[in-house]
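Working notes, structure below.
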Amino acid sequence: MTEPTEVRNIIPPVFEQANLGEKILCYRPMKHGMPNLSIEQKNSKVIAHNYGHGGGGWTLGPGSTKYVNSLLIDSPLAKELSDQSTPIAIIGAGLVGLFTAYDLVKRGYSNITIYAEKIDCLASHYAGGLLAPVSMDNDHAMQPIIDQIGIDAYRFYDGVARNKNDDFKQGARLVPSYFNSREDSGLEAYVGKVMNPAKEVILDFGNGTSRMMVVYDDGIFMNTALLMAELHEFINAHHIKIILGKITSFDQLEQQFIFNCSGLGAVELANDTTLVPVQGHLIMLKNQVPENMNYMILVYFGEGKTEAHQKVKRSFYIFPKHLPDSAPQDIGVIGGTFIEGGSPDKPNLNEYDSMIDEANAFFGLK
């Protein structure tokens, strides 16, 4: 006999005006084909590129930096790095730049300087926090590399979630992650290696609406603002300097070895015309019941057009994001949109209303 499908009861959040907090507009750097994870020699400089992760920056971050850092350290171009006091420059103080510094310190390198245009209010702080390699554009041939990078990143966050990482006391936890299908999750490559298989469940919202979904009970939620704070604490504790200012040429830096983690800045810095900004909309929630928010959901709604006549890929997600120093009941974030070529002069603000309508429709609230 077939086992009956498990029913899970979820009390929906409230999406009335009094329950909606900050509206956030951010821009993800996406490189067509796959992120730029490569080594390049330019005159006297040896440059390790690590940018263009699209919506997978946090999902891949620790694994991506481990991969690129090893590429450079093991390269014939970097024999001087056998001396761990060799000066190293990192361009960018988003999650990729900070994880690059973290990984280098853990390998024993001590002479590291980060150069960044700014360190606050970055897309890295605002990101939702679901560990799933989605919203990317990877060549099929490159997918095994991306899968392994994601598996390495999962192991890192799992260590944080299980209190096995002395450097990070918070910022990641195991949370059931719900999708319409296994394919939508992007996580099947992780199953049997670091994750357990997904299973079919019915979500019952207690109002006459239910949804058949698949769940990975060992999904990982990354509280991105907390992780950024802990990365900065680690960097400060290890006396890594951050120099504020825009780097427009690698020749501006005196260091021979440079990690380019500049995100969208690589369009100018690396003359990379295949890198595009991807606009995303998020809304922080407030006045919710924290114990009712211990799950993540991501569903896709297909493509449409914004009021600026731009193509948008719409999805609905909800994660238990909680900002440092905010009240316990101010928990949750909903999204999201994926608008290639989005720009501040075309903010597509109507997407916020669409997101709230989609959230209400998903939970059967209106």
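By convention here, the first residue in the shown sequence is residue 1.
- Summarising the local packing, CD of Glu254 is surrounded by 12 or fewer heavy atoms from other residues, nucleotides or ligands at distances under 6.0 Å.
- Smallest separation of non-hydrogen atoms from Phe319 and Ile297: CE2-O, 3.8 Å.
- Below 30°, between 30° and 60°, or above 60°: for Tyr154 and Tyr190 the angle between ring planes is above 60°, a perpendicular geometry.
- Proximity of a side-chain donor or acceptor of Asn207 to a complementary backbone N or O of Gly364 within less than 3.5 Å is detected.
- A pairwise comparison of heavy atoms in Gly57 and Leu95 identifies O-CD1, 3.3 Å as the closest pair.
- For Asp167 and Lys106, the salt-bridge test passes: some basic side-chain N is under 4.0 Å from an acidic carboxylate O.
- Side chains of Gln279 and Tyr27: a donor-acceptor N/O pair is present below 3.5 angstrom, by distance only.
- In this structure, Leu231 CG and Asn236 CG are separated by 11.0 Å, a value rounded to the nearest 0.5 Å.
- One finds a salt bridge joining Glu268 and Lys246 here, because a Lys/Arg side-chain nitrogen approaches an Asp/Glu carboxylate oxygen to under 4.0 Å.
- A search for salt bridge (charged side-chain N to carboxylate O under 4.0 Å, His left out) contacts involving Glu200 returns Arg182, not counting sequence neighbours.
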Requested in this report: Output, in order, the C-alpha distance, side-chain angles, deciding distance and verdict of salt bridge (Lys or Arg N to Asp or Glu O under 4.0 Å) for Arg155 and Asp158.
Outcome: CA-CA 5 Å; Arg155 289 192 175 108; Asp158 185 63; over 6 Å; no
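- Checked against Glu351 for a salt bridge (Lys or Arg N to Asp or Glu O under 4.0 Å), the options Lys313, Lys305, Lys23, Arg314 give a single hit: Arg314.
- Ring to ring, Tyr102 and Phe168 are close: their centroids are under 6.0 angstrom apart.
- Between Leu285 and Ile318 the shortest side-chain heavy-atom distance falls below 4.5 Å.
- Among residue pairs with one or both ends in residues 263-284, those qualifying as ring pair (Phe, Tyr, Trp, His ring centres under 6.0 Å) are His281-Tyr352; sequence neighbours excluded.
- Residue pairs meeting the salt bridge (charged side-chain N to carboxylate O under 4.0 Å, His left out) criterion with at least one partner in residues 112-132, sequence neighbours excluded, do not occur; the list is empty.
- Using a 3.5 Å distance cut-off with no hydrogens or angles, the side chains of Arg8 and Tyr178 do pair a donor with an acceptor.
- Taking a 6.0 Å sphere around CZ of Arg162, one finds it holds 12 or fewer heavy atoms contributed by other residues, nucleotides or ligands.
- The six-membered or imidazole ring of Phe99 lies near that of Phe156, with a centre-to-centre distance under 6.0 Å.
- The side-chain heavy atoms of Val289 and Ile11, taken from C-beta on, include no pair separated by under 4.5 Å.
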